[in-house]
Amino acid sequence: MSELKEIMVKGDEGLLGEHLGVFTARSTERRILRVTQDGGIVSSIMVYGLEEGKFDGVIAAVADPDDPEEPWKPRPVVITDPDEVLEAAGTKYTYCPNVSVLKEAVRSHGCERVAMVGTPCQVRAVRKAQLLPVGMRHVPDKIELLIGIICMENFPYEGLKTMVEQLCGVWMREVAKMDIGKGKFWVYTDDGEVKSIPIDETHPFEGEPCHVCTDYCAELSDLTAGSVGSPDGWSTVIVRTEKALELLEEMVEQGLLEVKSIEEVKPGLGLVEKLAQAKKNKNQKEIEERKELGLPEPGKVHEQL
Amino acid sequence: MVRLAYVQLAGCCGCLVSLADTYERLLDILDEVELVYCQTLMDEREIPECDVAVVEGAVCLNHEECVEVARGLEEKADTIVALGACAATGNFMRYSRGNEQSAPTHEAFVPLTEVVDVDYAIPGCPPAPEAIERFLTLLLEGKTDLLEPFAKLAEGKTEYCGCDLMYHVVNKNMCMGCGTCAAACPTRAIEIVDGRPVVNEDRCIKCGACFTQCPRTIWPGDDAIKELVMGGEEE
């Protein structure tokens with residue numbers, strides 16, 4: 001049995017989605033850890049996949065912190081060179097339409113094995129594109145790997161900017177990294193300053209359409225990564241498909257990932273389950289409230305036409 | 001074996017080309033059906049009685065034969081499928097206003113869904129080969145519960161355009177900015193700006209691909225995806 005299979009545990013599939021196992025991990029490569037959000041899992045997989053020819057294109061979000069107009073505003077990119085992956089490292093807490101370049105990756109870049117990282121809703125969008133690809137000619141069988149990120153909600157750009165500039169008192173262009181964890185929204189500046197506000201103060205800036213989503217862990221991904229449940233600098237990884245498991249096993253064997261049982265670390269899988277339950281409860285209630293207003297349920301808009 | 005007629009009304013043949021663009025998998029589909037009528041592929045002048053009529057193209061109300069063929073389908077076929085946006089939702093035929101050679105008096109074009117009771121409508125210009133293949137496979141396997149969205153599209157409104165993204169997704173507080181509509185659009189009429197679609201109405205051909213592909217408008221169910229996509233079929 002592989003090292004990974006030995007340490008993997010299973011959690012509540014009703015909350016995390018069906019999976020083969022969960023573990024905690026971080027990259028062993030300094031160049032990745034230097035720029036990454038948590039454990040560098042997504043970046044590591046993308047670099048490894050491109051270098052080994054497992055993917056010929058990856059879709060990710062790149063943001064320019066020094067953009068004179070809209071610093072930190074992400075845009076989706078199709079990356080075919082492993083050296084460019086790290087430019088997309090790190091979380092951007094605002095919308096980035098990753099799926100919008102999916103057909104371009106296949107049709108314009110000629111990619112045949114595409115990997116994409118996305119929020120749970122984006123992972124869902126791609127899965128639907130594979131099942132019922134009405135406007136997605138020749139896309140369905142070109143999706144090699146879908147990496148989900150754990151997601152509670154997203155923020156419109158101007159909302160994020162208000163949180164950073166008004167509430168944290170930092171100019172967007174001075175921000176080196178943003179993070180959400182331990183009940184706070186954190187801003188790290190280029191000068192090494194650290195500002196934070198309680199997560200409660202960010203709620204008014206959340207995108208409202210996020211409030212009808214009950215998917216916390218990207219339940220339809222091949223694998224999901226996120227900081228929740230793991231210690232600082234590590235990522236919780238939920239493996240769902242055999243394809244993803246094989247890829248991760250290879251990376252562990254080659255020493256690219258350091259892995260631990262999630263049962264050995266704090267705060268552990270229980271926190272992921274707790275927050276998944278919270279998202280499901282809160283947003284299911286929102287769906288019911290909207291129904292009372294006569295608004296459609298997500299996924300059933302066509303029934304009202 | 002299922003008797004299938006492929007009927008072409010006022011269309012460009014692009015939907016049939018898309019079906020053929022499934023390459024060798026077209027042969028698998030043809031193994032499963034008895035093709036009883038198809039103007040492009042076979043010499044058969046009259047549409048015979050059949051189990052399924054797959055119809056491409058709009059109905060030209062100025063063309064008697066076209067209207068007759070459309071009207072006659074209900075008697076000849078048990079299941080009528082409007083394949084592609086011209087038959088399903090109108091598509092750019094909505095912009096027709098006559099005065100064009102070789103038939104200057106042909107100006108009134110409507111989707112098949114406005115003329116007869118259609119069982120399933122598949123938008124798109126053309127629908128992707130894989131979508132047609134999926135639809136026909138599910139239909140032939142009798143998995144009609146998964147085809148429910150296409151049945152709904154056949155009985156609901158019959159006109160679609162990029163504005164639907166605004167009216168029925170963004171205005172209903174449902175858009176999370178994933179970008180699917182922009183990828184699905186065959187004319188690149190959609191750009192995602194500040195996390196929401198902006199539709200260039202001059203480029204929109206009213207094919208309905210954006211609305212249909214949006215994960216928030218129609219969700220086929222997690223189970224179907226786990227079984228048919230993640231179960232290894234696509235891999």
Side-chain angles (χ1 to χ4, degrees), chain A residues 17-18 73 76 94-104 118-119 121-122 124-141 143-144 154 156-158 207-213 215 219-220 222 240-243 290 295-305, chain B residues 18 21 122-131 134-135 146 149-150 152-153 156-157 164 168-169 172-186 190-192 194-196 207-222 224-226 228-230 232 234-235:
Chain A
E18 285 177 26
K73 187 170 197 172
T94 185
Y95 305 118
C96 185
N98 283 13
V99 189
S100 69
V101 297
L102 182 57
K103 198 156 71 177
E104 201 173 301
T119 53
C121 56
Q122 293 178 334
R124 286 176 172 272
V126 178
R127 289 303 188 202
K128 180 182 159 182
Q130 290 182 278
L131 182 73
L132 302 172
V134 170
M136 293 283 190
R137 176 186 165 90
H138 294 340
V139 167
D141 57 353
I143 311 293
E144 185 62 26
N154 207 341
Y157 179 77
E158 289 297 324
E208 289 283 335
C210 294
H211 293 167
V212 293
C213 169
D215 187 351
E219 296 174 19
L220 300 179
D222 286 297
R240 304 189 192 281
T241 60
E242 289 292 341
K243 181 162 69 171
R290 288 191 185 194
L295 289 168
E297 276 182 72
K300 293 184 177 175
V301 174
H302 65 299
E303 292 183 4
Q304 282 198 358
L305 301 182
Chain B
S18 188
D21 213 4
I122 309 174
C125 183
E130 295 84 354
R134 176 81 73 195
F135 175 87
L146 283 176
F150 295 113
K152 281 278 181 216
L153 291 171
K157 68 182 197 130
D164 293 315
H168 303 296
V169 187
K172 293 289 195 295
N173 207 1
M174 201 69 90
C175 176
M176 41 34 181
C178 66
T180 300
C181 49
C185 179
I190 302 171
E191 191 187 353
I192 307 295
D194 297 329
R196 300 292 179 263
C207 72
C210 54
F211 179 85
T212 313
Q213 197 69 67
C214 171
R216 284 282 171 95
T217 57
I218 301 169
W219 183 249
D222 290 20
I225 283 165
K226 284 177 198 161
L228 296 171
V229 178
M230 298 174 73
E234 300 284 346
E235 285 154 28

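Chain A is the first sequence line, chain B the second, and so forth, proteins listed ahead of strands; every chain is numbered from 1. Small disclaimer: the values here were computed from a predicted structure and weren't measured.
Rounded to the nearest 0.5 angstrom, A/Arg124 CZ and B/Met176 CE are separated by 9.5 Å. Taken to the nearest 0.5 Å, the NZ atom of A/Lys128 stands 9.0 Å off from the CD1 atom of B/Ile225. Atom NZ of A/Lys103 sits about 8.5 Å away from atom CD of B/Gln213, to the nearest 0.5 Å. A distance of 6.0 Å separates SG in A/Cys121 from CZ in B/Arg216, rounded to the nearest 0.5 Å. Taken from CE in B/Met230 to CD in A/Gln130, the straight-line distance is 9.0 Å, to the nearest 0.5 Å.
Judged purely by atom type and a 3.5 angstrom limit, B/Lys152 has no side-chain atom pairing as donor or acceptor with the backbone of A/His302. Here the side chain of B/Glu130 pairs no donor or acceptor atom with the backbone of A/Pro133 at under 3.5 angstrom.
Within the 4.5 angstrom heavy-atom criterion, atoms from both the backbone and the side chain of B/Pro149 approach chain A. With a threshold of 4.5 angstrom between heavy atoms, A/Asn154 does not approach chain B through any atom at all. In this structure, chain B has heavy atoms under 4.5 Å from both the backbone and the side chain of A/His138. Within the 4.5 angstrom heavy-atom criterion, no atom of A/Pro156 approaches chain B. Only the backbone of A/Lys300 comes within contact range of chain B, with heavy atoms under 4.5 Å apart. For a residue to count as touching a neighbouring chain, one of its non-hydrogen atoms must lie under 4.5 Å from one of that chain's; by this rule B/Cys185 touches chain A with the backbone only. Residue contact with chain B, scored on non-hydrogen atoms closer than 4.5 Å, involves the backbone of A/Cys96 exclusively. Residue B/Cys125 does not touch chain A at all, counting heavy-atom pairs closer than 4.5 Å.
Using a cutoff of 4.0 Å between basic side-chain nitrogens and carboxylate oxygens, B/Asp194 and A/Lys73 are scored as salt-bridged.
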- request: May I have the step-by-step check of side-chain contact (heavy atoms from CB on, under 4.5 Å) for A/Arg137 and B/Asp21, ending in yes or no?
  value: CA-CA 10 Å; A/Arg137 176 186 165 90; B/Asp21 213 4; 2.6 Å; yes
query: So B/Phe150 and A/Val134, side-chain contact (heavy atoms from CB on, under 4.5 Å) or not? Walk me through it.
result: CA-CA 11 Å; B/Phe150 295 113; A/Val134 170; 4.2 Å; yes
task: With side-chain contact (heavy atoms from CB on, under 4.5 Å) as the test, would you mind laying out the steps for A/Leu305 and B/Phe211 before giving the verdict?
output: CA-CA 12 Å; A/Leu305 301 182; B/Phe211 179 85; 3.3 Å; yes
task: Before giving the answer on salt bridge (charged side-chain N to carboxylate O under 4.0 Å, His left out), spell out for A/Arg127 and B/Asp222 the whole-Å C-alpha distance, their side-chain angles and the decisive distance to 0.1 Å.
output: CA-CA 9 Å; A/Arg127 289 303 188 202; B/Asp222 290 20; over 6 Å; no
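The two residues B/Cys178 and A/Ala125 have their closest heavy-atom pair at SG-CB, 3.9 Å.
With chain B as the partner, the residue from A/Val99, A/Val212, A/Thr119, A/Asn98 showing the most heavy-atom pairs under 4.5 Å is A/Val99. The candidate with the highest count of non-hydrogen atom pairs below 4.5 Å against chain A, out of B/Ala209, B/Pro127, B/Pro129, is B/Pro129. Heavy-atom pairs under 4.5 Å with chain A peak, among B/Gly221, B/Pro186, B/Cys214, at B/Cys214. Across A/Glu208, A/Gln122, A/Met136, the residue that shares the most heavy-atom pairs under 4.5 angstrom with chain B is A/Met136. Counting heavy-atom pairs closer than 4.5 Å to chain B, the top-ranked of the candidates A/Glu18, A/Gln304, A/Glu104, A/Arg290 is A/Arg290. Comparing A/Leu220, A/Leu295, A/Leu132, A/Val101 by how many heavy-atom pairs each has under 4.5 Å with chain B, the most go to A/Leu220. The choice from B/Ala182, B/Gly208, B/Cys175, B/Ala224 that makes the most heavy-atom pairs within less than 4.5 Å of chain A is B/Cys175.
Side-chain contact between B/Arg196 and A/Tyr95: present, with at least one pair of heavy atoms (C-beta onward) separated by less than 4.5 Å. Side-chain contact between B/Lys172 and A/Pro298: absent, with no pair of heavy atoms (C-beta onward) separated by less than 4.5 Å.
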